Enquirer: 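The structure follows.
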There are 2 protein chains.
Amino acid sequence: MHPAAQTFIEKMGLHFEGEGLPRTAGRVLGLLMLRSEPASLEEISEALQVSKASSSTNCRLLERGGMADRVSLPGDRRDYYQVDPNMTERMLDAARRKVGTLLEIMEEARTSLPEDMHSALRRVEELHDFHTFLHHELGALHERWRVRRIPGNEATRADLGEEA
Amino acid sequence: MHPAAQTFIEKMGLHFEGEGLPRTAGRVLGLLMLRSEPASLEEISEALQVSKASSSTNCRLLERGGMADRVSLPGDRRDYYQVDPNMTERMLDAARRKVGTLLEIMEEARTSLPEDMHSALRRVEELHDFHTFLHHELGALHERWRVRRIPGNEATRADLGEEA
DNA sequence: AGCACCATTCAGCACAAACTGAACGTTCTG
DNA sequence: CAGAACGTTCAGTTTGTGCTGAATGGTGCT
């Protein structure tokens, strides 16, 4: 393997480890980015020097996170993986969801905390406002990224779950 | 302690654990949000049922991350901690920095990968574009949040590190 | 039916993260 | 100067996370 590829894969591993994923998952994602064709579990195991069990686990982890897709090839029983073509949008979704959970924490705190804890409620309120703001901004940002990535793909009513 | 406070603190612990911090650090942050006055290490240890060593470590961790401030009270040798009044902006900074590191990974990959790895370079390029976009957007978002939070606090040349 | 080839699951193991109590250095106080 | 009150550091322990090899179950082929 090319040394630059090796470096890239390791850096991806380190970075995604910082995001809470297993290092190997990040490495798999790095490998998948470099491959021109979908990779089988065995190929992944071989390239990354890990067991097939670990490849399987981490690939499904990536799939669950929307960063990789499991694909099948005609006349082949094996599972192949490739990076999700919409990975960037999935990452935005995930970030937005995470903001949402913190928003919920603030909402519950706001309603359940005793009224006389003024300074506490003030701080909760500020974090609530902040995450509401963030949630909204991330939605708009997502939309801007979508139209930039695929020109002519502006939002339609259908995209928002409404009738066309 | 009020049960809602207890719940809030635990939820903060769980959430920030998902962000890569020790669970206790998240709990400390939750506690600090609820306190009307800065809290000493001993008070934190007592409220959270952890050792002083752990309180000390986690408080400095929060301080390093820009989420808490170490403050001193007149005529008192103890260290007190409170949530950083600019915590939200610090969080935005941190997010932007993280995007920056991934951007650097893509930049290095773009220049060091062999030219004949077309599909790899295409994907690297897309992630590079994405993170450039994100980096820019987060800067603008940060500015919008600043003016919303403190009306009349629009950007000046000085804010951007230039002369007034 | 028997076999080969998959992916997945599981128990056991190794490594890393985080907490604790104790030791330490420092800084005030009497 | 002795002692108390701090915060920090450190060794040891516990807890959790991730990996591996082996076992399991499913699927297609002969």
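A, B, ... follow the sequence lines: proteins, then strands. Residue 1 opens every chain. In what follows, every heavy atom counts, from backbone to side chain, and hydrogens, waters and symmetry copies are set aside. Keep in mind that this is a model prediction, so the values were computed, not measured.
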Enquirer: The criterion is salt bridge (charged side-chain N to carboxylate O under 4.0 Å, His left out); which residues satisfy it with Arg90(B), sequence neighbours excluded?
Expert: Asp84(B)
Enquirer: Looking at Glu125(B), I'd like to know if its CD atom is crowded, meaning that more than 12 non-hydrogen atoms belonging to other residues, nucleotides or ligands lie closer than 6.0 Å.
Expert: yes
Enquirer: So if I take every side-chain heavy atom of Asp79(A) and compare against dC6(D), dA7(C), dA18(C), which nucleotide ends up nearest?
Expert: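 Comparing dC6(D), dA7(C), dA18(C) against the side chain of Asp79(A), the answer is dA7(C).
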Enquirer: State whether Glu126(A) and Arg123(A) are salt-bridged, where the test is any N-O pair (Lys NZ or Arg NE/NH1/NH2 against Asp/Glu carboxylate O) under 4.0 Å.
Expert: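 Salt bridge absent between Glu126(A) and Arg123(A).
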Enquirer: Let's see if you get this right: which residues in residues 47-63 of chain A place a heavy atom under 4.0 Å from DNA chain D?
Expert: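 Heavy-atom contacts with DNA chain D come from Gln49(A), Val50(A), Ser51(A), Ala53(A), Ser54(A), Asn58(A).
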Enquirer: State whether the number of non-hydrogen atoms from other residues, nucleotides or ligands found under 6.0 Å of Glu10(B) atom CD is greater than 12.
Expert: yes
Enquirer: Is the number of heavy atoms from other residues, nucleotides or ligands under 6.0 Å of His136(A) NE2 greater than 12?
Expert: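 12 or below, so no.
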Enquirer: Please tabulate, one pair per line, each protein N/O and nucleotide N/O from nucleotides 23-30 of chain D that are separated by under 3.5 Å, including the distance.
Expert:
| residue | atom | partner | partner atom | Å |
| --- | --- | --- | --- | --- |
| dG26(D) | N2 | Arg77(A) | NH1 | 3.4 |

Enquirer: Can you check the Arg78(A) CZ to dT8(C) P distance for me, whole Å?
Expert: 14 Å
Enquirer: Check the distance between dT20(D)'s P and Glu46(A)'s CD and give it to me in whole angstrom.
Expert: 14 Å
Enquirer: To the nearest angstrom, how far is Arg70(B) atom CZ from dG7(D) atom C1'?
Expert: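 Those two atoms, CZ and C1', are 9 Å apart.
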Enquirer: Taking atom C1' of dG21(C) as reference, at what distance in whole Å does atom CG of Leu41(B) sit?
Expert: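 In whole Å, dG21(C) C1' and Leu41(B) CG are 16 Å from each other.
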Enquirer: How long is the line joining CG of Leu21(B) and C1' of dG16(D), in whole Å?
Expert: 17 Å
Enquirer: Assess whether salt bridge (charged side-chain N to carboxylate O under 4.0 Å, His left out) is satisfied between Arg146(A) and Glu143(A), documenting all intermediate values.
Expert: CA-CA 5 Å; Arg146(A) 179 158 41 195; Glu143(A) 184 54 28; 2.5 Å; yes
Enquirer: Write down the distance between CG (Asp76(A)) and P (dC5(C)), rounded to a whole number of angstrom.
Expert: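 Distance check: Asp76(A) CG to dC5(C) P gives 13 Å.
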Enquirer: Flag yes if more than 12 heavy atoms outside Glu46(A) fall under 6.0 Å of its CD atom; otherwise flag no.
Expert: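 Atom CD in Glu46(A) is not crowded, with 12 or fewer foreign heavy atoms closer than 6.0 Å.
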